[in-house]
Number of protein chains: 2
Amino acid sequence: MLYHQGARSDALYTVREGAIKLVRHGADGSARIVRIVKPGDLAGLEVLSGREYDASAIAIGPVRVCRLPLATLDRLRTIDSGLGQRMLEKAGDALAEAQLWLAELTAGSAPARVRVARLLLRLKTKPGSTEVFRLASSDIAAILGITVETASRVIAAFKRSGVLTPPAAGSYVMTADSDRLMQEAEGRTD
Amino acid sequence: MLYHQGARSDALYTVREGAIKLVRHGADGSARIVRIVKPGDLAGLEVLSGREYDASAIAIGPVRVCRLPLATLDRLRTIDSGLGQRMLEKAGDALAEAQLWLAELTAGSAPARVRVARLLLRLKTKPGSTEVFRLASSDIAAILGITVETASRVIAAFKRSGVLTPPAAGSYVMTADSDRLMQEAEGRTD
DNA sequence: CGGACTATTGAATGTGGTCAAGATTGGTGG
DNA sequence: CCACCAATCTTGACCACATTCAATAGTCCG
């Protein structure tokens, strides 16, 4: 865990390897994953506005990150004038991603099966690859705002229909039939 | 309409007065509002990454905006070194808002009544005020990812129970009982 | 006074939630 | 090597909420 929701923000983070999830905890104890920070992305932008961290940052598996305390960041910015520019681009990208999640991954006019399919398509290890990261069904549930049970049911259905083929035990990836997955993501029922 | 989803991005916008909505259209014709741009906020950050606009920007009522073509923006940045800093902060704020929407306004462990209540609380004209912007129920539906019918039903229920009092005809605001609205937002059923 | 759009309300259907019970998996220690 | 335990995943039955479809009021223009 890199930092906690509600803690005073003091540093910006960038991920080098692996991935971290930003989890937002509701007053009632419910948890929701609001962003996945992949290599090259930034976490903890709150520090720039002096706000508290508005989510907790938790590593998904082993990661290598770079911690940039605010003072260090300011110093770097006076040296490298392009840094601010690149950070701004990254922030814009993160915003675009968040809005894409809002539009395509949240409930509303799309059944759970479709949303799970869309999420899986975004979890491909590489563009064009048939392998997708295998994350815990509790994480899938926390991203899509559904329960663990429905997540499990949908994944099971995909396995049965051959869209997904389970990996060797302990593996972090599973194989997907991209074409049929895209059909599911469109909502095609046939 | 300031720009269309999918169009080549050529300018950044900031809102002076009023508000604009960023609407993302799905392949199936469905529309979802992914952000409300209020005075001081930025729209069209895609231009910084050279991407296409990933949503359409549509004014909600009369607005006054400032259009900044990319060339102008670059020129301004060489003059005012603090501009990039302020833009970065704004981008971070927008990201925080988007993630808050993801956590609190989308379906998942919260019935429609609760989410409408939360949305209304964020539509207050001023912090502490009892007046909330009265937006079309089709807009409420597009933000929360519910249908117009359920939005209408919930609003009607709030009016009947006295939580909301309808405004004079043609007004852009309506009065809310903040305390009871907060109770509804918590999910308290009593 | 129409005409178009938005809002409202009602009934039937269906998807996902809840609750509860097993099944796998992975890890620990005897 | 195996027994045991905790955590995660899986599956089933029932129910509630929201969607869908459809029909009726408003409301703002021309």
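What's counted below: heavy atoms across the whole structure, side chains too, no hydrogens, waters or symmetry copies. Letters A, B, ... mirror the listed sequences (proteins, then strands); counts begin at 1.
The side chain of B:T150 contributes an N or O atom lying less than 4.0 Å from OP1 or OP2 of D:dT19. For the OP1/OP2 pair of D:dC17 and a distance below 4.0 Å, the side-chain nitrogens and oxygens of B:R115 include no atom meeting the criterion. Phosphate contact (OP1/OP2 of D:dT19, side-chain N/O of B:T147, threshold under 4.0 Å): present. The shortest distance between the side-chain N/O atoms of B:R134 and the OP1/OP2 oxygens of C:dT6 is not below 4.0 Å. Within the structure, a side-chain polar atom (N or O) of B:S137 is placed less than 4.0 Å from OP1 or OP2 of C:dA7.
With hydrogens and angles ignored, a donor-acceptor pair under 3.5 angstrom links the side chain of A:R153 to the base of D:dG12.
The existence of a salt bridge linking A:E17 and A:R64 is confirmed by a sub-4.0 Å separation between a basic side-chain nitrogen and an acidic carboxylate oxygen. Ion pairing of A:R35 with A:D41 is absent here, as no side-chain N (NZ or NE/NH1/NH2) approaches a carboxylate O to less than 4.0 Å. Salt-bridge annotation for B:R24 and B:D54: absent, with no side-chain N of the basic residue lying under 4.0 Å from a carboxylate O of the acidic one. Ion pairing of A:E184 with A:R113 is present here, as a side-chain N (NZ or NE/NH1/NH2) and a carboxylate O approach within less than 4.0 Å. Using a 4.0 Å cut-off between a side-chain N of Lys or Arg and a carboxylate O of Asp or Glu, B:E186 and B:R118 do not qualify as a salt bridge.
With distances taken from any side-chain atom of A:S138 to the nucleotides C:dT9, D:dC9, D:dT11, the minimum falls on D:dC9. Closest to the side chain of B:A136, out of C:dT8, C:dA20, C:dA7, is C:dA7. Of all nucleotides listed (C:dT9, C:dG17, C:dT8), C:dT8 comes nearest to the side chain of B:V148. Looking at the side chain of B:I146, the nearest of the listed nucleotides C:dA7, C:dT9, D:dT19 is D:dT19. The nucleotide whose nearest atom lies closest to any side-chain atom of A:S152 is, among C:dT9, D:dT10, D:dA13, D:dT10.
For the residue pair B:D93 and A:S49, a side-chain donor N or O sits within less than 3.5 Å of a side-chain acceptor on the partner.
With sequence neighbours excluded, the residues satisfying side chain to side chain donor-acceptor pair (under 3.5 Å) with A:D10 are A:Y53, A:R67.
C:dT18 atom P lies 11 Å from atom CG of A:D28, rounded to whole Å. Rounded to a whole Å, the CZ atom of A:R113 is 17 Å from the C1' atom of C:dG17. At whole-Å resolution of the value, CD in A:E149 and P in C:dA23 are 17 Å apart. Regarding B:L164, its CG atom lies at a distance of 15 Å from the P atom of C:dA7, rounded to whole Å. Atom CG of B:L144 is separated from atom P of D:dC17 by 17 Å (rounded to the nearest Å).
Residue contacts shown for B:I155 are absent, as no nucleic acid heavy atom lies under 4.0 Å away.
The strand DNA chain D forms stems, runs of 3 or more Watson-Crick or G-U wobble pairs with distances below 3.5 Å, at C:3-21 with D:10-28, C:23-30 with D:1-8.
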